[in-house]
Amino acid sequence: AESEAIVMKNLAKRMAGIQVAPYEIETLTKDGKKRLDEINATRIEYEGEPAALAVFRDITERKRLEEALRRSEEQYKTLHSNIPVGLYRNSPGPRGRFLAANPAIASMFGYSSVEEFLQANVSDLYETPEDRKAFSERLSREGKVSRVELRLKKRDGTPFWGAVSAQTMKDERGNILYFDGMIEDITEHKRMEEALKESEQRFRTVFDNAGDGILVADVETKKFFLGNRVICQMLGYSQEEVEKLGVLDIHPKKDLPYVIERFEKLASQEIGVAENIPVQRKDGSVLYADIASSPFVLNGKTYLIGIFRDMTEHKRMEEELRQRVEEIKALNEGISQRLIQKITQIDNISEVKERLRKIPDLSTGLDLILDTAIRDLEMDVGAVLIVDREENALKMRGFKSRIEGMKVDENYPLYLGFAELEAVKESKSVSKIVGEGELSILKTVSIHCAPIHFGKEVYGVVAFGSQKALSLDSSDL
C-alpha cells in the first residue's frame, strides 16, 4: 500500500508537468516474493492522451551489496577507532607526513585528537630522527617489516619503546605511494624483559658463586640441564661437558640402583636430602656427597635442583675418629696390670672397662683414664701426648690438673729436649725429679712417664707430675 501511494503521488506530479527524479519502491513478483525496484519515468502522449512511460529496474542485489558494504565500512571504522594498537598511514622519506591515523596512535603519542596528531612530522616522533631515515630506507627496500623495535617519543618528549610492523603501498608502476603500519607500545614488556634479564643475571651470579656444587636435572630423562662452576670443579668436567651428561654418568655403576632410588625419592619429595651418595669424577675417582634437592617446574617440565656438598673429608675424619677410638681401646687394654689392680680397689673393674669401651671419642676416654690414674697414683697433673712425625712434635691430646690456673701448650717440638721426651726417645718408663733449669712440659717437681706403644712403634707418652719429690716404679707406670 505504501509503495502504491508513492507511485500514484509521483504519477500525479508527472501528469502536472513536474519533473520527478528516479525513486525506489518495494514490489511483489508473480510468485509473491518482495524485491526492490528503481523507477525512472517520464510524461508522454499516448493516443492523444497524457500518459507515463516508466522503466522498472531490479536493484535488490545492488541494495544488498550496498548495505553489506556500509556495514563493513562501519565495522572497519569502529575497529580502526577502537583497536588499542596504533594504526597509521604516512608518506615515505626521512621526514614523512601522516596521512591517516586512528585515535589509539594519537593517544599513544600524547595528542588530544587525531587531527592534532596528523600535523606532526613522522621524524619528530622518533627519539633519534636518524632512526626514521634508516627505517624508511629499510621498509622501501624490503617492502614489509614485522615488529621492528624502535625508540620513539611522545609529544612531551617522554621516550618509549614501540614495536612497528608496516608495508609499502605502490601504484601500478611500482612507485611507493605511502606506508601503512601499526605501532604497539612495548615499554612495559621491555621493562619486564630487562627485569627478567637482571634477575637471571643475579641468579647466575649466586648459582656460579655458591660454595656447593649445583646440578639441575630433567626428572623424566634424568639429563642435566645446568651445572655451576663448583660442580664442574668437583667432577672435573667443563660446563659444556656437564650439560651433555645425566644422572647415570656421574655415579659408579655398582651404586646406580641405590642412586636412582634416592633420585626418585628426592623428586617425589619423600626425602629432602640423600646422604653419603658416591659420585664418580671424570678421572674415575669417587667422592661422597650429601645431596639436598627440590623439584620445580619450568616451561611445563619438572626439574630437580640438587645441591652437592662434598663429604669426603668428613668421611675421612669419621674414619680417623674410628681409628682413634680403636687406639683408645688399645690404650685401655695396655694399661698395666698394677693400675688395673688399683682401679679395682676403688671401683668394679668390669664397670670401668665397659665404660671405656662405650666411650665414643678420644678425649672422653682419655679424661676417664687420666682422672682414674691421677686419683690412684696421687698425682697433681696428668697428660697424654701423641707424636706427630710430620711436624716432629708432641701434641697434647688429653690434660688434667689439680693445680689451679695451670696451662699447657698444644705442641712441643721434639728437638727442645723436654724431660718427658726421654720416655719417647728411650721407649721406656721414666720417673724422676726434674733438675733445676731442666725443661719440663708438666712443670712439676717430679715427673712420671710411660711410652704408649701401638704395635712396635712408640705412639706417644702418658705423663704424670707431682709437686712432691716422688718416685714410682715401672709397674706403677
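Since the structure is predicted, the reported quantities are computational estimates derived from the model, not experimental observations.
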Should the pair [X]-[Y] be classified as a salt bridge under the 4.0 Å nitrogen-to-oxygen rule?
X      : Y      : value
Glu241 : Lys244 : no
Glu38  : Arg57  : yes
Lys222 : Glu264 : yes
Arg324 : Glu319 : no
Arg262 : Glu275 : no
Lys197 : Glu193 : no
Arg62  : Glu24  : yes
Arg309 : Asp212 : yes
Glu243 : Lys223 : no
Arg191 : Glu188 : yes

Return the minimal non-hydrogen interatomic distance between [X] and [Y], and the atom names on each side.
X      : Y      : result
Val247 : Ile260 : CG1-CD1, 4.2 Å
Asp255 : Pro278 : OD2-CG, 3.4 Å
Ile183 : Gly162 : CG2-CA, 4.4 Å
Tyr237 : Val242 : CB-CG2, 3.7 Å
Lys34  : Leu28  : CG-CD2, 3.6 Å

Between atom [atom1] of [X] and atom [atom2] of [Y], what is the distance when rounded to the nearest 0.5 Å?
X      : Y      : atom1 : atom2 : result
Arg151 : Thr187 : CZ    : OG1   : 7.5 Å
Leu248 : Lys253 : CG    : NZ    : 9.0 Å
Tyr178 : Gln167 : OH    : CD    : 10.0 Å
Arg147 : Ser165 : CZ    : OG    : 6.5 Å
Ile231 : Ile214 : CD1   : CD1   : 8.5 Å
Tyr288 : Met311 : OH    : CE    : 13.0 Å

Check whether any side-chain heavy atom of [X] lies under 4.5 Å from a side-chain heavy atom of [Y], and answer yes or no.
X      : Y      : answer
Leu226 : Leu215 : no
Phe224 : Asp249 : no
Tyr23  : Ile39  : yes
Glu149 : Ile186 : yes
Val164 : Tyr88  : yes
Leu394 : Asp388 : no
Glu61  : Leu65  : yes
Pro252 : Val286 : yes

Can you confirm whether the side chains of [X] and [Y] place a donor and an acceptor under 3.5 Å from each other?
X      : Y      : answer
Thr60  : Asp58  : yes
Asn121 : Arg97  : yes
Glu130 : Thr128 : no

Between the side chain of [X] and the main-chain N/O of [Y], is any donor-acceptor distance below 3.5 Å?
X      : Y      : answer
Lys154 : Met108 : yes
Asp367 : Leu370 : no
Ser140 : Ser136 : yes
Arg132 : Asp124 : no
Thr372 : Leu368 : yes
Ser3   : Glu26  : yes
His251 : Gln280 : no

- Would you call the rings of Phe117 and Phe98 parallel, tilted or perpendicular if under 30° counts as parallel and over 60° as perpendicular? tilted
- Task: Please state whether the rings of Phe160 and Phe109 are parallel, tilted or perpendicular, taking 30° and 60° as the class boundaries.
- Result: perpendicular
- Please walk me through it: do Glu137 and Lys133 pass salt bridge (Lys or Arg N to Asp or Glu O under 4.0 Å)? CA-CA 6 Å; Glu137 290 174 352; Lys133 179 175 182 293; 2.7 Å; yes
Give a yes or no on this: more than 12 heavy atoms of other residues, nucleotides or ligands lie within 6.0 Å of atom [atom1] of [X].
X      : atom1 : answer
Met192 : CE    : no
Met317 : CE    : no
Glu142 : CD    : yes

- Message: side-chain contact (heavy atoms from CB on, under 4.5 Å), that's the test. Do Ile386 and Tyr459 meet it? Break it down for me.
- Response: CA-CA 6 Å; Ile386 304 301; Tyr459 183 78; 3.1 Å; yes
- Item | Criterion side-chain contact (heavy atoms from CB on, under 4.5 Å) on Lys9 and Glu4, from CA distance to verdict | CA-CA 9 Å; Lys9 179 181 178 182; Glu4 185 179 350; over 6 Å; no
- Message: If you apply the rule side-chain contact (heavy atoms from CB on, under 4.5 Å), what do you find for Val114 with Asn102, and how did you get there?
- Response: CA-CA 7 Å; Val114 171; Asn102 72 339; 5.9 Å; no
- Test side chain to side chain contact (heavy atoms under 4.5 Å, CB included) applied to Val216 and Asn228, Leu304, Ile305, the passing residue: Ile305
- Message: Working note: Asp37 + Ile59, criterion side-chain contact (heavy atoms from CB on, under 4.5 Å); need CA distance, chi angles, decisive distance, verdict.
- Response: CA-CA 5 Å; Asp37 284 318; Ile59 60 171; 5.8 Å; no
